S.K.: 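Below: one structure in structure tokens.
The chains referred to below are lettered A, B, ... by the order of the sequence lines, with proteins before strands, and numbering in each begins at 1. Since this is a predicted model, take the numbers as computed values, not measurements.
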Amino acid sequence: MKRINIYLAASIAVLVSAAGCKKNDSKPAPAYTVPTTYNFSNANFADATTRIGMLTEIQTVEKAATTGVVDGAKAKNMFTNTGSPFVTAAYNTSGIQLKDQGAALYQTDALRFIDSLVAVSQSGKVASRGVAGVGASSANAATKYALTANGMNYAQIFNKTSMGGLITYQIVNIMSAVSAGGLDNNTQVNGATALEHSWDIAFGYWGVPIDFPTNKTGAKLWGSYSTQVDSGFHANKILMDAFLKGRAAITAKDSKTFQAQATIILQTMERLTGAAALQEVKEVKESINDNIARNSRLSECYGFIYSLKYNPKKVITDAQIDNLLALFPKNFYDLTLDQLNAIRDAVAAQYNFQDVKDIL
Amino acid sequence: MKKTIIFCISIAAGLAVIQSCSKSGTPGKTGTGGTDFDRKGLLTNMSANIILPAYTSFQASASALNDAVVAFNTAPNTTTLAAAQTAFTAAYKQWQSTSEFDFGPASQANFRVNINTYPTDVNQIAANINSNTYNPDLLANLAAKGLPAIDYLLFGAGADNAAIVALYTTDAKAANRKTYLATLSAEVKTRATAILDSWNGSYKATFLAADGTDVGSSLGQLVNQLVYDYEIVKNYEIGIPAGTQSMGTPFPQKVQAYYSKISLQLTLLHLQAIENLYEGKSLQGDGLGLDDYLVKVNAKYSDGKPLNDVIKAQFAAAEAKLQALTDPLSANIQNNNTDVAAAYTELQKLTVLLKTDMTSSLGILITFGDNDGD
């Protein structure tokens with residue numbers, strides 16, 4: 001039943017927006033339809049899917065931090081695809097890697113974050129204020145986190161900054177090039193133009209199935225977060241509509257429409273990061289009396305905000321990002337409710353989420 | 001059922017159009033789906049007859065607890081200790097019908113976790129007593145304050161009442177311990193008073209005015225907190241101590257009121273309070289509740305039975321399984337965990353009914369996440 005609703009809602013939305021754009025076209029509108037799923041015949045985003053898979057394998061290596069020592073060398077080899085480090089053999093022979101796709105700052109940060117996590121995993125102690133080590137959630141002793149002496153979970157900081165420094169960075173760069181008209185939409189290479197292929201890669205980085213959001217199975221990273229914040233910020237629909245409409249417009253050479261959709265996606269990715277930070281504030285509140293779990297979730301929030309630095313087209317300034325980060329206590333164990341609310345309010349004000357700041 | 005489907009589709013379509021065409025939807029009106037249930041009447045009944053009386057009683061019992069603690073600190077002996085213990089038990093019982101309203105002023109103040117974070121952190125309490133410093137604003141102190149910490153200080157700090165009195169008289173840290181106990185009971189009272197004042201002040205009108213079903217509406221918040229509080233009963237009072245989230249390894253010391261050993265009594269009161277809120281029942285009688293709302297929208301369970309009947313039956317089934325247990329619950333978990341697990345199973349069934357069936361029938365979105373452990 002939910003499926004029917006979503007399908008219906010989606011098709012209505014397509015009709016509405018299609019009707020809306022007709023008016024604006026001055027030259028004869030090329031006749032094309034916008035499909036409801038990303039099933040374009042020449043779409044190929046395998047490289048993006050591979051890189052998300054590589055990232056997932058690094059995360060698996062990092063998970064060892066709660067049970068033993070993290071193999072930092074292996075994680076770093078995965079980052080550069082050196083020495084066949086992946087379990088999935090196809091990744092080893094893919095000829096592509098994560099590092100060279102990331103923002104310059106992220107390329108060095110990511111290695112630093114891995115080192116920090118490795119150091120915590122070597123402590124062999126129980127995490128507490130001032131002591132790096134592994135701690136258990138007070139609600140659920142089976143859920144463990146590796147935290148620094150200051151309560152930071154670098155596995156999560158790595159995850160969230162990778163979403164910003166790698167995935168958002170790629171999507172934003174592609175959309176920025178599209179709206180600047182800098183990609184070839186005439187020459188066919190492997191059955192698709194450079195513009196079509198870049199657009200497909202961006203869609204692939206979002207990490208959702210082609211019939212999203214009707215089907216949410218396997219949604220990863222941003223695909224998961226756009227769903228988690230959907231109650232307050234309807235990023236699922238905004239992004240899916242824009243990706244579908246833009247891709248159909250590209251093939252139909254309707255540049256005005258696809259450039260407009262590129263701008264929507266570019267702007268949405270930054271706002272989605274703000275929404276994800278607020279979602280983590282909410283999760284911090286849901287584990288507010290659980291010192292270990294709370295610190296881990298605060299690390300997720302910190303990671304999202306920090307990751308804004310990597311966005312090449314961000315609206316927020318570096319100084320504003322630093323101001324947001326300065327709202328966090330130096331030691332996460334010292335967090336107060338007032339500080340947490342100050343983080344929430346500042347992010348909500350930055351991204352105009354005041355009305356939904358508690359429900360994202 | 002067919003009617004329900006069409007009704008839902010029209011809501012979805014309506015929402016889609018509103019989202020794409022205009023920002024000025026009228027929250028509070030959408031989602032009514034053409035039914036004319038008196039939501040304002042429900043909110044009026046709940047605020048006047050259930051919520052405000054609960055806050056009033058809790059404030060009074062917290063105040064009485066604080067008075068008893070002051071009397072105990074003035075002259076620590078087994079008589080004044082027993083009086084403080086009695087006052088504590090009364091306050092903890094009243095809390096069971098107060099914790100469900102963690103929205104509005106309570107949410108702003110993090111009321112629930114400030115009053116009732118357990119298991120209490122005995123090490124943190126000892127550290128705070130030893131250092132004689134305590135910052136109530138540190139979230140890291142949540143597990144060292146509130147009723148569970150007082151539970152420990154009044155019931156569990158020594159082997160028996162004479163030993164506990166000694167901790168407040170002859171012990172090297174007696175003065176620090178008295179100060180800490182007094183600080184905690186005063187904080188509970190201060191917080192209870194602040195929330196009551198907010199409700200008696202402007203918040204009651206705010207609550208009544210937001211009479212829609214959208215995420216920020218009073219009903220939306222109330223239902224979310226009813227379900228959330230219910231999950232506290234299921235998970236924190238029963239499940240986690242019984243080991244349901246730790247692959248069967250029990251943690252009997254994680255029950256609510258571990259030291260005063262009234263865990264089961266409290267759970268039964270808590271479940272009753274949630275049922276009363278669901279039914280709109282109070283000392284004033286059976287007023288408008290969520291049960292009436294479900295009947296009004298003709299909500300059906302998947303087997304075709306009225307959803308309200310199914311929910312009520314499940315409340316009774318869960319209560320029956322809990323009644324089969326005895327206090328101290330921690331001992332039951334150690335000696336008779338099969339029956340505790342059986343109670344948990346019935347509670348789990350009720351979760352689905354409240355969290356999924358009820359909310360979807362009323363068009364209310366659950367906005368709190370599951371602890372996904374990532």
S.K.: Mark yes or no for whether A:K285, through its side chain, and B:N110, through its backbone, hold a donor-acceptor pair below 3.5 Å.
M.R.: no

S.K.: Which one, A:L360, A:N291, A:D290, leads in non-hydrogen pairs under 4.5 Å with chain B?
M.R.: A:N291

S.K.: If I take atom NZ from residue A:K282 and atom OG1 from residue B:T367, how far apart are they, to the nearest 0.5 angstrom?
M.R.: 5.0 Å

S.K.: By a 4.5 Å heavy-atom criterion (distance strictly below it), what part of B:L138 contacts chain A: side chain, backbone, both, or neither?
M.R.: both

S.K.: Given heavy-atom pairs under 4.5 angstrom as the criterion, report whether the side chain, backbone, both or neither of A:R294 touches chain B.
M.R.: side chain

S.K.: Minimum heavy-atom separation for A:E286 to B:Y228, with atom names?
M.R.: O-OH, 3.7 Å

S.K.: Counting only heavy atoms closer than 4.5 Å, note whether A:S231 contacts chain B via side chain, backbone, both or neither.
M.R.: both

S.K.: So which residue, A:I288, A:L340, A:D355, ends up with the most heavy-atom pairs under 4.5 Å with chain B?
M.R.: A:I288

S.K.: Measure the CG-CG distance between B:N114 and A:L337 for me, rounded to the nearest 0.5 Å.
M.R.: 8.0 Å

S.K.: Contact part of A:N289 toward chain B, heavy-atom cut-off under 4.5 Å: side chain, backbone, both or neither?
M.R.: both

S.K.: Which atom pair, heavy atoms only, marks the closest approach of B:Q245 to A:A142?
M.R.: O-CB, 4.1 Å

S.K.: Does a sphere of radius 6.0 Å around NZ in B:K234 hold more than 12 heavy atoms from other residues, nucleotides or ligands, not counting ones at 6.0 Å or beyond?
M.R.: yes

S.K.: So which heavy atom on B:A140 is nearest to which on A:Y333, and how close?
M.R.: CB-O, 3.4 Å

S.K.: Side chain, backbone, both or neither: which part of B:L139 has an atom under 4.5 Å from a heavy atom of chain A?
M.R.: both

